[in-house]
Amino acid sequence: MQRRIRVKGLTMTDSATPTDPRPGRGALNKANQLVHETSPYLLQHAHNPVDWYPWGEEALETARAGDRPIFLSIGYSACHWCHVMERESFEDEQTAALMNANFVNIKVDREERPDLDAIYMEAVQAMTGSGGWPMSVFLTPSGKPFYGGTYFPPQPRYGIPSFSQILLAVADAYKNRRDDLEEQAQRLTNAIGRTGSLSASGGAPGEEVLSEATSRLLQYFDEQYGGFGDQPKFPQPMTLEFAMSQYRRSGDADVLHVAEHTLGRMAAGGIYDHLGGGFHRYSVDRIWLVPHFEKMLYDNAQLLRTYLHAWQINGRPEHRRVVEETVDYVLREMTAPEGGFYSAQDADSEGEEGKFFVWTAEEIEAVLGKEEAALLGGAYGVTPAGNFEGKTILNVKRTAAEIAQQSGAEAETVAERLAAARQKLFLERERRVKPERDDKVLTEWNGLMIHAMADVGVVFGRADALEAAKAAADFILAEMSQENGFLFRSYKDGRARFNAYLEDYAAFGRGLVALYESTFELRWLAEAVRLTKVMQSQFADEAGGGFFQTGIAHEQLVVRRKDFIDNAIPSGNSMAAELLLRLAKLTGSDAFRSEAARIFRIMAAAMAQQPTGFGRLLTALDDLLGPSQEIAVVGELADPRTQLLLQEVRRHYLPHSVLALKEPEEENPLPLLEGRTLVDGQPAAYVCENYACKLPVTGIEALRQLLVNGSGR
């Protein structure tokens, strides 16, 4: 007797035999249609026995012509559970035969196609109440979703049906209950299309939105371990940025504590790589100890700026160390020789999650010797039993100062010994098999890292970071720009592909503005303005306000969405608002400011109630509401006196201020620089608010007083 399982109206049996695969398809283990792709994630599946297609007209036409449902699988190269489902199901010939016989199977790299990922993730969340990757969605031939989930196991477990049961049930329902599925698909499509009709209404939100959001943020805060909620824990740099901006606005030490405590706990935890620098994706536990070990470019780009801003507030050496080590990691592991930053490093190596990063006590002693191993073990929690599957994830248990106090040694001496021990372990670790690297270049993620590297480069005097930012920007402008002036989304192996999305234009434009404020080369600002105008013409909703994720020239999908929620990556609308506001200050354009203001009118209520979902947008609203400063410096860039003025500005946390420079004899088109001159032949700084400037100053102390006591508090 067959056991019957009901899932979302589908009937499943656990003893069915897969339908025979289609005749004439050849051996199942030959290369499938993904073999011609450039995405590392898609290429990982190019020799599955599944007859995978990339998303495109060929796959969709095959589904329409054969009137067959689509199985859409979305993931990314560094995703651990994507690898698990591949090994268990997509490499299994029986499962593949079942898929090939009943479905047109499409693989999508979510990083190349965030539009598809957003549409179908919203559908999965509507159906199941949660989402994640790998994402598994069943579509009608027209692309409308009717059933889905995330990871499905090869055998039934914990009340979850097996993937084969799901496939059989969906195939049966499509054949015998087609009308029901079509009705479900239309309901879901209507639901996920609602964001596209959101429009600006009511008045502009005021400081009450910031105040309510801050109050709710304090309620969500984990006072013991930092961060928000229980587990798993994500870094949420945008939420921490909002907290710091509210400290700048109000001087409230409680909201600053939210950011500082969280940053301290993360930097001490296993989510941070204490040997090689950089952060892993997230922690599976509440205490930041055990991460999912993948490293993503977008996480590290955002966290670089968050730790930099915390250092500007409090000057703590540990924040600077995290920034410097993470820059070193990005330059070493994630920077392409020709320019551009790679996307990710995998969680797995040699088929095992985290193997590259963890240690046994014996391995450490073999490298360091007994005495130094004992010192490092006491500092980083190394025990014979370990803290992760019998091995140890390094995490700070005692600081150098605490060890010194207990041992009677000098703290500086202990710190030097620990640094030397970490370096020895790092060099030993470099001999291991490294996790795979996703070496495609994404415009959006590069924009985030260009922004971070430019800021760090000038604040900490890291010429290598600034040069890497410039090289990445030049690379995108040269290799990822289309003949019509539009951008591409992705680049790999000499091929630039896919029309760029809203988030690509907004993030890259913001990175270009950061490069201007770091180098004062007008070409960066000119490109930012040009691309922002492209963004407005292609993505703006002139009637309702805000921006669509896809441009006018994009292929037609089942819905055209607007994205406002700041998740792991800032939403396109958040970054667009920030970019427009910054350009408004630098160029004097009220049109840019007005366009940004409409975005906030769409989401005012949600922003106040759900601050952890709108961190970047809330910080941009803080900018809109002001006050902030416009800072103009006049002087030869190479003059040490000019450099001292610039260094003083950059040392302070001024999240919404803009900085421009004019050489004495330069014809500069920026309104902020109009009429600015040297003072008694000396370089001078003009600190302004809404283009109303205080008297210029030439001395560092006078400038410091204007910056500290000026607007923003």
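All values derive from a computational prediction rather than experimental measurement.
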Mind checking the [atom1]-[atom2] spacing from [X] to [Y]? Nearest 0.5 Å is all I need.
{"X": "T326", "Y": "M453", "atom1": "OG1", "atom2": "CE", "result": "9.0 Å"}
{"X": "D348", "Y": "D346", "atom1": "CG", "atom2": "CG", "result": "5.0 Å"}
{"X": "F152", "Y": "T150", "atom1": "CZ", "atom2": "OG1", "result": "6.5 Å"}
{"X": "L303", "Y": "I271", "atom1": "CG", "atom2": "CD1", "result": "8.0 Å"}
{"X": "R265", "Y": "S283", "atom1": "CZ", "atom2": "OG", "result": "11.0 Å"}
{"X": "L308", "Y": "Q312", "atom1": "CG", "atom2": "CD", "result": "4.5 Å"}

[atom1] of [X]: more than 12 outside heavy atoms within 6.0 angstrom?
{"X": "R157", "atom1": "CZ", "answer": "yes"}
{"X": "E410", "atom1": "CD", "answer": "no"}
{"X": "E436", "atom1": "CD", "answer": "no"}
{"X": "E430", "atom1": "CD", "answer": "yes"}
{"X": "L331", "atom1": "CG", "answer": "yes"}
{"X": "E338", "atom1": "CD", "answer": "yes"}

Is [Y] paired with [X] through a side-chain N to carboxylate O contact shorter than 4.0 Å?
{"X": "R489", "Y": "E444", "result": "yes"}
{"X": "D273", "Y": "R429", "result": "yes"}
{"X": "R462", "Y": "D328", "result": "yes"}
{"X": "K295", "Y": "E333", "result": "no"}
{"X": "K107", "Y": "E37", "result": "no"}

Is the shortest side-chain heavy-atom distance between [X] and [Y] below 4.5 Å?
{"X": "V513", "Y": "V658", "result": "no"}
{"X": "I450", "Y": "L512", "result": "no"}
{"X": "F242", "Y": "L210", "result": "yes"}

Handout entry: Plane angle bin for Y41 and H45 - parallel if under 30°, tilted between 30 and 60°, otherwise perpendicular
Key =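 Correct class here is perpendicular.
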Practice task
Mind telling me whether F279 and Y307 have parallel, tilted or perpendicular rings, with 30° and 60° as the class edges?
Solution key: parallel
Counting only N and O atoms by type, is there a donor-acceptor contact under 3.5 Å from the side chain of [X] to the main-chain atoms of [Y]?
{"X": "Q302", "Y": "Y298", "answer": "yes"}
{"X": "S518", "Y": "A454", "answer": "yes"}
{"X": "T262", "Y": "G227", "answer": "yes"}
{"X": "H319", "Y": "G264", "answer": "no"}
{"X": "R332", "Y": "G276", "answer": "yes"}
{"X": "D438", "Y": "A78", "answer": "no"}
{"X": "D439", "Y": "Y342", "answer": "no"}

Problem - side chain to side chain contact (heavy atoms under 4.5 Å, CB included) between D222 and K233, intermediate numbers included - result: CA-CA 10 Å; D222 181 348; K233 275 234 180 108; 2.8 Å; yes
Exercise for the section: Show the numbers, then the answer: is there a salt bridge (Lys or Arg N to Asp or Glu O under 4.0 Å) between R650 and E517? Expected result: CA-CA 10 Å; R650 289 162 172 160; E517 293 187 80; over 6 Å; no
Handout entry: Identified ring pair (Phe, Tyr, Trp, His ring centres under 6.0 Å) counterpart of F357 within the set H274, H292, H280
Key =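 It is H280, the one option of H274, H292, H280 that forms the ring pair (Phe, Tyr, Trp, His ring centres under 6.0 Å) with F357.
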Heavy-atom closest contact ([X] atom, [Y] atom, distance):
{"X": "A507", "Y": "M575", "answer": "CB-SD, 3.6 Å"}
{"X": "N300", "Y": "M449", "answer": "C-CE, 4.1 Å"}
{"X": "W524", "Y": "T519", "answer": "CD1-OG1, 3.3 Å"}
{"X": "A620", "Y": "S574", "answer": "CB-O, 4.5 Å"}
{"X": "G386", "Y": "T392", "answer": "CA-OG1, 3.4 Å"}
{"X": "I393", "Y": "L289", "answer": "CG2-O, 3.7 Å"}

Ignoring hydrogens and geometry beyond distance, is a side-chain donor-acceptor pair present between [X] and [Y] at under 3.5 Å?
{"X": "Y653", "Y": "H309", "result": "no"}
{"X": "K391", "Y": "T360", "result": "no"}
{"X": "R113", "Y": "Y501", "result": "yes"}
{"X": "Y151", "Y": "E88", "result": "yes"}
{"X": "Q345", "Y": "Y329", "result": "yes"}
{"X": "T239", "Y": "Q236", "result": "yes"}
{"X": "E223", "Y": "H261", "result": "no"}
{"X": "N395", "Y": "W288", "result": "no"}

Practice task
Start with the C-alpha gap between E112 and K440, add the side-chain angles, then the distance that decides, and say whether salt bridge (Lys or Arg N to Asp or Glu O under 4.0 Å) holds.
Solution key: CA-CA 9 Å; E112 287 187 335; K440 66 178 180 289; 5.8 Å; no
Practice task
Please step through salt bridge (Lys or Arg N to Asp or Glu O under 4.0 Å) for the pair E402 and K397, ending with a clear verdict.
Solution key: CA-CA 10 Å; E402 291 168 339; K397 289 295 187 183; over 6 Å; no
Practice task
Begin from the C-alpha positions of Y272 and M266 and carry the test side chain to side chain contact (heavy atoms under 4.5 Å, CB included) through to its verdict.
Solution key: CA-CA 7 Å; Y272 182 67; M266 287 196 306; over 6 Å; no
Exercise for the section: May I have the step-by-step check of side chain to side chain contact (heavy atoms under 4.5 Å, CB included) for R616 and I569, ending in yes or no? Expected result: CA-CA 9 Å; R616 189 79 171 241; I569 306 175; over 6 Å; no
Practice task
I would like to know whether R321 and E318 meet salt bridge (Lys or Arg N to Asp or Glu O under 4.0 Å); could you show each step before the answer?
Solution key: CA-CA 5 Å; R321 179 178 62 82; E318 58 267 31; over 6 Å; no
Exercise for the section: Sort out for me which residue in E350, E352, E363 forms a salt bridge (charged side-chain N to carboxylate O under 4.0 Å, His left out) with R432. Expected result: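 That would be E363; it is the only one of E350, E352, E363 passing the salt bridge (charged side-chain N to carboxylate O under 4.0 Å, His left out) with R432.
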Practice task
Run through D622, D252, T619 and flag the one making a side-chain hydrogen bond (donor to acceptor under 3.5 Å, both in side chains) with Q246.
Solution key: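 It is D622, the one option of D622, D252, T619 that forms the side-chain hydrogen bond (donor to acceptor under 3.5 Å, both in side chains) with Q246.
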Practice task
Tell me whether the guanidinium CZ or amine NZ of R422 lies under 6.0 angstrom from the six-membered ring centre of W359 and within 45° of its axis.
Solution key: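 So R422 doesn't make the cation-pi contact.
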Handout entry: side chain to side chain contact (heavy atoms under 4.5 Å, CB included) evaluation trace for L368 with K424
Key = CA-CA 7 Å; L368 300 180; K424 288 179 182 178; 3.7 Å; yes
